Amino acid sequence: MNPFEDIDVFDCPVCHGTGMIQVENGWCLYVECMDCACHTAELPYNSPEERLRVAQQAVSLWNVGKVINSGVGD
């Protein structure tokens, strides 16, 4: 069972690839594009209960296009 399955992650705002929630060693998470690797900031959490709220925050940032892209700038 995926605890994040009810969160709607849009396609990548840069390349329109698939965005996925990534969890780092049980202390933070972020949303990352599986194609171009742009991502949101890492958002820390302190408990399993807080993890869902933080995931929703990360997805909100992703869905409005607030991402870090290591590609060539404008």
Side-chain angles (χ1 to χ4, degrees):
M1 182 176 151
N2 180 359
F4 307 128
E5 67 187 26
D6 291 335
I7 301 175
D8 188 23
V9 180
F10 293 174
D11 288 340
C12 176
V14 175
C15 75
H16 303 289
T18 302
M20 291 188 65
I21 298 171
Q22 303 292 329
V23 178
E24 284 292 320
N25 299 318
W27 72 273
C28 77
L29 56 78
Y30 53 94
V31 179
E32 181 177 38
C33 176
M34 298 294 99
D35 293 333
C36 74
C38 73
H39 56 89
T40 63
E42 295 173 342
L43 301 176
Y45 61 90
N46 296 312
S47 67
E49 297 79 26
E50 189 179 25
R51 185 173 77 161
L52 182 59
R53 183 184 58 77
V54 170
Q56 291 167 334
Q57 286 178 323
V59 169
S60 290
L61 292 171
W62 176 266
N63 288 349
V64 297
K66 302 262 184 195
V67 298
I68 298 168
N69 181 4
S70 61
V72 177
D74 293 335

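Everything numeric here is computed off the predicted structure, so don't read it as measured data.
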ask   = Does a side-chain heavy-atom distance below 4.5 Å link L61 with V31?
value = no
ask   = Roughly how far, to the nearest 0.5 Å, is CD1 of I21 from NE2 of H39?
value = 15.5 Å
Gap between atom CD of Q57 and atom CG of L29 - 0.5 Å precision = 9.0 Å
message = Return the CZ to OH distance between R53 and Y45, rounded to the nearest 0.5 Å.
response = 12.5 Å
key: CE (M20) with more than 12 external heavy atoms under 6.0 Å   = no
message = If I compare all heavy atoms of D35 with all of T18, which pair ends up nearest, and what's the gap?
response = OD2-N, 4.0 Å
Taking every non-hydrogen atom, the tightest pair across E32 and A37 = OE2-O, 3.9 Å
Heavy-atom pair with the smallest gap, counting every atom of A58 and Y30 = CB-CA, 4.5 Å
query = Where do N63 and F10 come nearest, in terms of heavy atoms and distance?
reply = OD1-N, 2.9 Å
ask   = Which atom names give the shortest non-hydrogen contact between G17 and C33, and what distance separates them?
value = CA-SG, 4.1 Å
query = CH2 of W62 to CG of D11: how many Å apart, nearest 0.5 Å?
reply = 9.0 Å
query = Given T40 and K66, is the side-chain contact (heavy atoms from CB on, under 4.5 Å) satisfied, shown in steps?
reply = CA-CA 7 Å; T40 63; K66 302 262 184 195; over 6 Å; no
query = Going from CE on M34 to SG on C15, what distance comes out if it is rounded to the nearest 0.5 angstrom?
reply = 10.5 Å
message = Is there a side-chain contact between S70 and C38 in this structure, where contact means two heavy atoms from C-beta onward sitting under 4.5 Å apart?
response = no
query = Do L52 and W27 share a hydrophobic cluster (ILVMFWY, side-chain heavy atoms under 4.5 Å, transitive)?
reply = no
ask   = What is the minimum heavy-atom distance between V59 and D8, and which atoms define it?
value = CG1-O, 3.5 Å
